[in-house]
Chemist: 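I have a structure here, written as structure tokens, and I will follow up with some questions on it.
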Amino acid sequence: MTKITITDEAQALLEAVGVSAGQLSGGTLACRSPITGEVIANIEETSLEETGRIIEQAHAAFLEWRQVPAPRRGELVRLLGNELRAAKAALGRLVSIEVGKIESEGLGEVQEMIDICDFAVGLSRQLYGLTIATERPEHRMMESWHPLGGVGIITAFNFPTAVWSWNAALALVCGDSVVWKPSEKTPLTALATQAVFARALKKFAESGPAAPDGLSGLLIGKKDVGEALVDSPLVPLVSATGSTAMGRAVGPRLAQRFARSLLELGGNNAAIVCPSADLDLALRGMAFAAMGTVGQRCTTLRRAFIHESVYEELVGKLKSAYASARIGNPLDVDTLIGPLIDEAAYNDMQQALTQAAADGGKVTNGERVAIDGAEDAYYVRPALVEMPAQTEIVKQETFAPILYVMRYAGLEDALAVHNDVAQGLSSSIFTRDMQEAETFISAWGSDCGIANVNIGPSGAEIGGAFGGEKETGGGRESGSDSWKAYMRRQTNTINYGASLPLAQGVSFDID
């Protein structure tokens, strides 16, 4: 295993993408790498006064940007995608250092940013409205979509850049400005992304009129900064990704001022494995979904309902896969399992395992793993817990690599238990039976925003709308028609005749 050296490399990567050395020291926010637990930078936090100024500048930028033709706005996003391609290796490595993701996942996150930029560039020429049939002669009725305003983006630590891009790429082509409040656990990748965006802005100005100042603002700080963003009347939409508890705080504050919310909250994702399933396929799909990113994805597989006829065989295969997964420095190419983000995540995991055991669960693994040179970091072996039933601890989302497995006898019963949780993000079924597959994705099947067949619940593409139901928040980001959240709808009726017929046959004649 390579020796873990983090701070110098992180600062070199940041400087390579355009973050100055002066931004990385002397501040009050200590930035730690979960790989070793060491502080790799101390950056300055945004004051509340400065927060207000950045929001005001974003609003002023919106007033100009909304007048720029959408294809021209798409040109800026195209240039951003190109700059992300050039910075992919450095930015992906930085994601790995700051979050603890393995190399392919760090690079994959940047690729996701590139992909959504490509999607948004095409979208900039497809912001379609409708022509609507009207009952009145010599009238035309249509539907238009207009830019909304400044969009607040609050992101979580586990996808520190991709989720920003889902929102920002669409918002920018829709004619909005953006203000980003990243997790206080991962501000360095936000600084790096803003530096890459600044390069795209510079090239944009070389090909025509420059974009307005303040088009993309960055707020570094903790809860008070996020609250200021949420409460600002200049921000008509806030897209917030995080815990259900965070959503319970953000949602009512936005509703109080009639602002829009786009909430991506908790997930307690499950898989149903049917008697006809290809068990090797199920094993591969479940292993990544349960252990990838050390269980710190919104779409991580946390529950598995396995038919009693294949339970023993599949659980045996899962135990072997869990035992063989290589744990260690995520910067090593052979590593599959990196560290948890911090001590709090480790403690939450241990508390959940203790409760699961008290509920009658048989716990395999879950212990902390010692890594040389990383005594202050929290590496764990992913846990597999055989549960007698779905108890309260199973219904809770623990943001750690814990997979609860349970037997079932009939699909109807499995679906009922599958849906009997507060969260509704992602789900999957493994089957070669068409009736079982179609039932799962039907109206009476999975109640989640994402329902997959013969793949795990994790690893969504940008082309589909991402989001879930119930306590997941109901928001949708990324592909499909998610762009509509960033615009305002306007219905237009145009009378090109000389008379004034009223709808529904209403008569109102005056002399």
Side-chain angles (χ1 to χ4, degrees), residues 4-7 9-14 17 19 24 29-41 43 84 87-113 153-166 180-194 196 218 220 241-243 264 267 288-289 291-300 327-333 335-346 348-349 369 371 374 376-380 382 399-401 458-460:
I4 300 175
T5 57
I6 298 297
T7 303
E9 182 179 4
Q11 297 199 2
L13 290 168
L14 285 159
V17 297
V19 179
L24 306 177
L29 183 60
C31 308
R32 296 180 181 274
S33 169
I35 297 177
T36 61
E38 69 188 87
V39 174
I40 57 176
I43 65 174
L84 288 168
K88 180 178 177 179
L91 192 54
R93 184 83 168 179
L94 186 62
V95 169
S96 292
I97 289 173
E98 192 170 33
V99 181
K101 292 186 176 185
I102 61 173
E103 180 182 46
S104 64
E105 288 193 79
L107 292 171
E109 179 155 355
V110 184
Q111 185 60 50
E112 194 164 352
M113 300 173 75
I153 305 172
I154 299 174
T155 56
F157 77 85
N158 58 332
F159 279 86
T161 58
V163 174
W164 172 81
S165 69
W166 290 355
W180 181 14
K181 194 278 179 191
S183 168
E184 59 267 31
K185 296 179 182 181
T186 52
L188 298 180
T189 45
L191 287 173
T193 300
Q194 285 292 96
V196 172
L218 181 63
I220 301 294
T241 301
S243 67
E264 297 287 359
F288 168 71
M291 292 190 286
T293 327
V294 206
Q296 297 176 131
R297 285 178 175 240
C298 304
T299 54
T300 289
I327 302 167
N329 178 1
L331 302 179
D332 286 347
V333 294
T335 295
L336 288 181
I337 311 295
L340 288 169
I341 190 67
D342 55 23
E343 182 180 10
Y346 171 76
D348 287 346
M349 179 179 180
V369 176
I371 302 293
D376 295 327
Y378 290 86
Y379 292 81
V380 294
F399 219 58
S458 195

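From a predicted model like this one, the values you see are computed outputs, not experimental measurements.
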Chemist: Measure the CD1-CG distance between I43 and L188 for me, rounded to the nearest 0.5 Å.
Modeler: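 Here the interatomic distance stands at 5.5 Å.
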
Chemist: For a quick check under 3.5 Å, do E105 and T293 share a side-chain donor-acceptor pair by atom type?
Modeler: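 There is such a pair between these side chains.
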
Chemist: Please walk me through it: do E103 and D332 pass side-chain contact (heavy atoms from CB on, under 4.5 Å)?
Modeler: CA-CA 8 Å; E103 180 182 46; D332 286 347; over 6 Å; no

Chemist: Without hydrogens or angle criteria, can the side chains of T7 and E38 be said to hold a donor-acceptor pair below 3.5 Å?
Modeler: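 Checked: T7/E38 side chains pair up, N/O donor to acceptor below 3.5 Å.
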
Chemist: Would you say the side chain of P382 lies within less than 4.5 Å of the side chain of I327, judging by non-hydrogen atoms?
Modeler: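 Side chain of I327 against side chain of P382, heavy atoms only: contact under 4.5 Å found.
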
Chemist: Going from CZ on F159 to OG on S183, what distance comes out if it is rounded to the nearest 0.5 angstrom?
Modeler: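 Going from CZ on F159 over to OG on S183, the span is 14.0 Å.
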
Chemist: Considering non-hydrogen atoms only, spot the tightest contact between G328 and T335 and give its length.
Modeler: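 Looks like O-CG2, 3.4 Å.
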
Chemist: Pair N329, I371 - check side-chain contact (heavy atoms from CB on, under 4.5 Å), show working.
Modeler: CA-CA 8 Å; N329 178 1; I371 302 293; 5.7 Å; no

Chemist: Heavy atoms, side chains only, cut-off 4.5 Å: are K185 and D342 in contact?
Modeler: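 Touching, per the 4.5 Å side-chain cut-off.
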
Chemist: Given 3.5 Å as the limit, does a donor-acceptor pair link the side chain of Q11 with the main chain of L24, or not?
Modeler: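 Here the side-chain-to-backbone pair does not exist.
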
Chemist: Okay, side chain of T193, backbone of T161: is any donor-acceptor separation there less than 3.5 Å?
Modeler: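 It does not hold such a pair.
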
Chemist: Which heavy atom in P339 sits nearest to a heavy atom in V294, and how many Å separate them?
Modeler: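 Shortest heavy-atom separation between P339 and V294 comes out as O-CG2, 3.5 Å.
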
Chemist: Going from CD on Q111 to CG on L91, what distance comes out if it is rounded to the nearest 0.5 angstrom?
Modeler: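 Interatomic distance, Q111 CD to L91 CG, rounded to 0.5 Å: 12.0 Å.
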
Chemist: Is there a side-chain contact between T155 and W166, using heavy atoms and a 4.5 Å cut-off?
Modeler: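 Sidechains of W166 and T155: no contact.
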
Chemist: Could you report the tightest heavy-atom contact between R297 and S458, atom names first, then the distance?
Modeler: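 Scanning both residues, the minimum pair turns out to be CD-OG, 3.1 Å.
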
Chemist: Are C31 and E184 side-chain neighbours, meaning at least one heavy-atom pair lies under 4.5 Å?
Modeler: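 They are not in side-chain contact.
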
Chemist: How far apart are the C-alpha atoms of I153 and K181, what are their side-chain angles, what is the distance that settles it, and do they pass the side-chain contact (heavy atoms from CB on, under 4.5 Å) test?
Modeler: CA-CA 6 Å; I153 305 172; K181 194 278 179 191; over 6 Å; no

Chemist: Looking at G459 and T299, what are the two nearest heavy atoms and their distance?
Modeler: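 Minimum heavy-atom contact is N-OG1, 4.1 Å.
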
Chemist: Nearest 0.5 Å please: distance from the OG1 atom of T241 over to the CZ atom of F157.
Modeler: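 Here the rounded value is 12.5 Å.
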
Chemist: Do F399 and M349 have side-chain heavy atoms sitting under 4.5 Å apart?
Modeler: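 No, their side chains stay 4.5 Å or more apart.
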
Chemist: Side chain of Y346, backbone of A377: donor and acceptor closer than 3.5 Å?
Modeler: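 Side chain of Y346 to backbone of A377: no pair is present.
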
Chemist: Does the side chain of I102 come within less than 4.5 Å of S96's, by heavy atoms?
Modeler: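 They are not in contact (no side-chain heavy atoms under 4.5 Å apart), so the answer is no.
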
Chemist: Can you name the nearest heavy-atom pair linking G106 to K101, along with the distance?
Modeler: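 Shortest heavy-atom contact: N-CB, 4.1 Å.
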
Chemist: Taking it one step at a time, do I6 and L331 satisfy side-chain contact (heavy atoms from CB on, under 4.5 Å)?
Modeler: CA-CA 10 Å; I6 298 297; L331 302 179; 4.1 Å; yes

Chemist: I want to check something: taking the side chain as every heavy atom from C-beta on, are L29 and P187 in contact at a cut-off of under 4.5 Å?
Modeler: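 Answer yes - side chains close enough.
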
Chemist: Please answer whether the main-chain N or O of I35 pairs with a side-chain N or O of S33 as donor and acceptor at a distance below 3.5 Å.
Modeler: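 Answer holds: yes.
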
Chemist: CZ of R93 to OG1 of T189: how many Å apart, nearest 0.5 Å?
Modeler: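 R93 atom CZ to T189 atom OG1 measures 15.5 Å (nearest 0.5 Å).
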
Chemist: If only atom types and distance count, is the side chain of Q296 paired as donor or acceptor with the main-chain N or O of I341 below 3.5 Å?
Modeler: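 A pair under 3.5 Å: yes.
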
Chemist: Does a side-chain heavy-atom distance below 4.5 Å link L84 with K88?
Modeler: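 Sidechains of K88 and L84: no contact.
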
Chemist: Quick check: closest heavy atoms across P182 and L218, and the distance to 0.1 Å?
Modeler: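 The pair with the smallest heavy-atom distance is CD-CD1, 3.7 Å.
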
Chemist: Is it true that a side-chain atom of E343 and a backbone atom of Y378 form a donor plus acceptor pair closer than 3.5 Å?
Modeler: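 Side chain of E343 to backbone of Y378: no pair is present.
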
Chemist: Does the distance from a Lys or Arg side-chain N to an Asp or Glu carboxylate O, for E98 and R32, drop under 4.0 Å?
Modeler: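 Looking at R32 together with E98, the answer is no, because their closest N to O distance does not fall below 4.0 Å.
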
Chemist: Tell me whether the rings of W164 and W180 are parallel (<30°), tilted (30 to 60°) or perpendicular (>60°).
Modeler: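 Ring orientation of W164 relative to W180: parallel.
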
